[in-house]
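Here the structure is a predicted model, which means the values were calculated and not measured. Positions are given from 1, in the same order as the sequence printed here. Each ligand, and each atom within it, is numbered from 1 in the order the structure gives.
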Amino acid sequence: MPNHLLLKVAASDRVRGLVASSRLAKPVVDRFVAGDTLEDGLAAARELRTRGICAILDLLGEHVTDAAQADEATEAYLAALNATASEPALGAHVSVKLTQLGIDESFDQAVARLRRIVSALPENGHPLARVAIDMESHAYTDRTIEAYKAVRPESERLVLCLQASLRRTEADVEALLGLTPSIRLCKGAYDEPGELAYGHAETAASYRRLLAVLLPASPYTAVATHDEACIREALRLAQRRRIPRDRFEFQMLYGVRRDLQATLLDEGYAVRVYVPFGAAWYPYLMRRLAERPANLRLFLEAVVRG
Ligand code: FDA
């Protein structure tokens with residue numbers, strides 16, 4: 001579960017300015033972010049592919065403030081899809097945030113941008129190429145699900161991320177099952193109020209309950225976690241319910257648990273890594289630091305060492 005205090009401190013403009021302008025943050029940024037450009041993201045995807053892992057390319061950026069920025073993000077995603085189409089062996093996905101596509105300005109325009117991105121999925125590209133929608137804080141859950149529902153009939157290759165930490169998610173899954181949804185199940189990285197979200201242990205229990213619903217019902221489930229108990233539960237369910245290996249995959253974050261990625265690959269399971277790239281790394285990095293005290297220590301040590 002995220003460290004609430006760190007996420008609050010990180011939201012301050014002063015702290016953001018200090019960290020973002022500090023060269024000292026660079027080694028920590030480099031661990032979690034592939035680089036500033038699409039080419040950096042593709043280079044990371046190629047390196048992962050040599051290890052048998054496919055990538056999810058994520059252009060960093062969220063909460064754009066005008067339509068021009070949202071259009072720019074859309075063009076960047078179209079360029080990413082174009083690039084992955086010319087390298088189908090990468091088998092890469094892209095993942096978008098609706099606040100990056102302008103949902104704060106206009107829901108309809110954000111959906112139109114999402115639709116453009118989804119319709120650019122190359123017909124002749126890798127059969128497993130997909131577009132995923134990241135799930136942001138609870139203020140966006142309803143709108144994100146609505147956007148998914150609006151575009152899902154046009155493509156089976158649209159994936160929705162849902163968060164096991166939210167108390168509402170089991171009901172959301174039930175309501176979505178009629179659409180045969182492809183779901184990426186994560187725990188949730190945002191600082192949510194207690195009345196809406198579970199604590200640490202309850203989130204893990206919710207994750208396991210959601211796996212039990214999604215794995216048998218969904219054509220494709222992305223088990224997006226580094227929690228070994230949840231991963232083992234997914235494997236146990238898949239074996240017990242005889243769910244073919246091409247109906248689910250394990251997903252992890254760039255820079256996190258390479259050892260576990262390798263173990264799952266050795267066991268013959270599909271592993272995909274979420275590869276963020278772009279200059280707007282600050283909120284993403286803060287979420288990664290907030291997930292794990294050891295990461296925060298690493299970061300503070302780098303700053304102190306100078
Ligand atoms: P948990 O936090 O319990 O960690 C389990 C173990 O994993 C830790 O003990 C540690 O070993 C390792 N670990 C976890 N995070 C680490 C880190 N940052 N650094 C080092 N080690 C770490 N969230 C969201 O709200 N919306 C989204 O769209 C997505 N999308 C997404 C895609 C993919 C592919 C992944 C893997 C994750 C997300 N997330 C996300 C993030 C997710 O919600 C969650 O915050 C992180 O995955 C951490 O939670 P775990 O499930 O790994 O469990």
Side-chain angles (χ1 to χ4, degrees), residues 1-4 6-7 28-33 45 48 53-62 92-100 130-141 144-145 147-148 159-166 169 182-192 196-208 210-211 220-234 248-261 263-264 270-276 281 283-299:
M1 296 305 295
N3 174 325
H4 301 287
L6 175 73
L7 289 174
V28 186
V29 179
D30 288 347
R31 174 176 163 194
F32 293 108
V33 176
L48 286 164
I53 296 174
C54 292
I56 306 165
L57 291 169
D58 166 60
L59 169 67
L60 291 166
E62 46 203 85
H93 295 181
V94 301
S95 198
V96 304
K97 282 192 171 48
L98 291 178
T99 64
Q100 190 179 24
R130 288 184 163 100
V131 172
I133 313 175
D134 284 358
M135 186 57 85
E136 302 181 66
S137 75
H138 75 271
Y140 297 96
T141 313
T144 305
I145 291 174
Y148 171 77
V159 180
L160 175 68
C161 181
L162 292 174
Q163 298 156 327
S165 60
L166 292 189
T169 298
S182 291
I183 299 291
R184 175 210 296 164
L185 183 63
C186 72
K187 284 192 182 172
Y190 294 82
D191 183 17
E192 304 291 15
L196 301 180
Y198 297 120
H200 187 78
E202 287 174 293
T203 295
S206 156
Y207 198 101
R208 292 194 292 271
L210 286 159
L211 282 176
Y220 158 89
T221 304
V223 182
T225 181
H226 317 89
D227 182 332
E228 293 194 45
C230 290
I231 290 171
R232 292 294 148 203
E233 174 68 4
F248 63 97
E249 66 182 11
F250 295 99
Q251 297 190 346
M252 299 191 203
L253 299 173
Y254 187 72
V256 180
R257 294 298 312 260
R258 277 174 66 135
D259 58 330
L260 187 53
Q261 297 165 20
T263 304
L264 289 165
V271 177
R272 187 176 289 277
V273 165
Y274 187 91
V275 177
W281 48 260
Y284 179 85
L285 179 71
M286 290 303 127
R287 288 197 289 274
R288 300 296 75 82
L289 296 185
E291 270 154 13
R292 198 157 148 74
N295 290 344
L296 183 58
R297 215 166 35 241
L298 191 77
F299 180 72

**Report entry** Donor on one side chain, acceptor on other, Thr99 and Glu62, under 3.5 Å
**Finding:** no
Query raised in the report: What atoms of ligand 1 come closer than 4.0 angstrom to any heavy atom of Leu253?
Result: 33 (C), 35 (C), 36 (C), 37 (C)
Query raised in the report: With only distance considered, is Gly188 within less than 3.5 Å of ligand 1 through an N or O on each side?
Result: yes
Query raised in the report: What atoms in ligand 1 come closer than 4.0 Å to a heavy atom of Asp134?
Result: 28 (O)
Query raised in the report: So is Thr225 polar-close to ligand 1, meaning N/O to N/O under 3.5 Å?
Result: yes
Query raised in the report: Judged by modelled atom types alone, do Asp134 and Tyr274 share a side-chain donor-acceptor pair under 3.5 Å?
Result: yes
Query - Tyr207 and Glu233: side chain donor to acceptor below 3.5 Å - result: no
Query raised in the report: Would you find a donor on one side and an acceptor on the other, under 3.5 Å apart, between the side chain of Gln261 and the backbone of Val256?
Result: yes
Query raised in the report: Can you find an N or O of Met135 that's nearer than 3.5 Å to an N or O of ligand 1?
Result: yes
Query - Contact check: Gln163 vs ligand 1, nitrogen or oxygen atoms, below 3.5 angstrom - result: yes
Query raised in the report: Do side-chain atoms of Thr144 reach the backbone of Tyr140 as a donor and acceptor pair under 3.5 angstrom?
Result: yes
Query - ligand 1 to Ala189 polar contact by distance, N or O atoms, under 3.5 Å - result: yes
Report task. Please determine, by modelled atom types, if Ser95 and Arg130 share a side-chain donor-acceptor pair under 3.5 angstrom. Result -> no
Report summary line: So the atoms of ligand 1 within less than 4.0 Å of a heavy atom of Arg31 turn out to be 20 (C)
Query raised in the report: Out of Arg292, Lys97, Lys187, whose heavy atom sits nearest atom 9 (O) of ligand 1?
Result: Arg292
Query raised in the report: Which of the atoms in ligand 1, numbered in the order shown and given with their element, are less than 4.0 Å from a heavy-atom of Tyr274?
Result: 32 (C), 34 (C)
Query raised in the report: Got a donor-acceptor contact below 3.5 angstrom from the Thr169 side chain to the Ser165 backbone?
Result: no
Query raised in the report: atom 27 (C) of ligand 1: which of Ala201, Cys161, Pro276 has the nearest heavy atom?
Result: Cys161
Report summary line: Within 4.0 Å of some non-hydrogen atom of Tyr190, the atoms of ligand 1 are 24 (C), 25 (O)
Query raised in the report: Below 3.5 angstrom, do we get any N/O pair linking Glu291 and ligand 1?
Result: yes
Requested in this report: Using modelled atom types only, decide if a donor and an acceptor are shared between the side chain of Gln163 and the backbone of Glu136 within a distance under 3.5 Å.
Outcome: yes
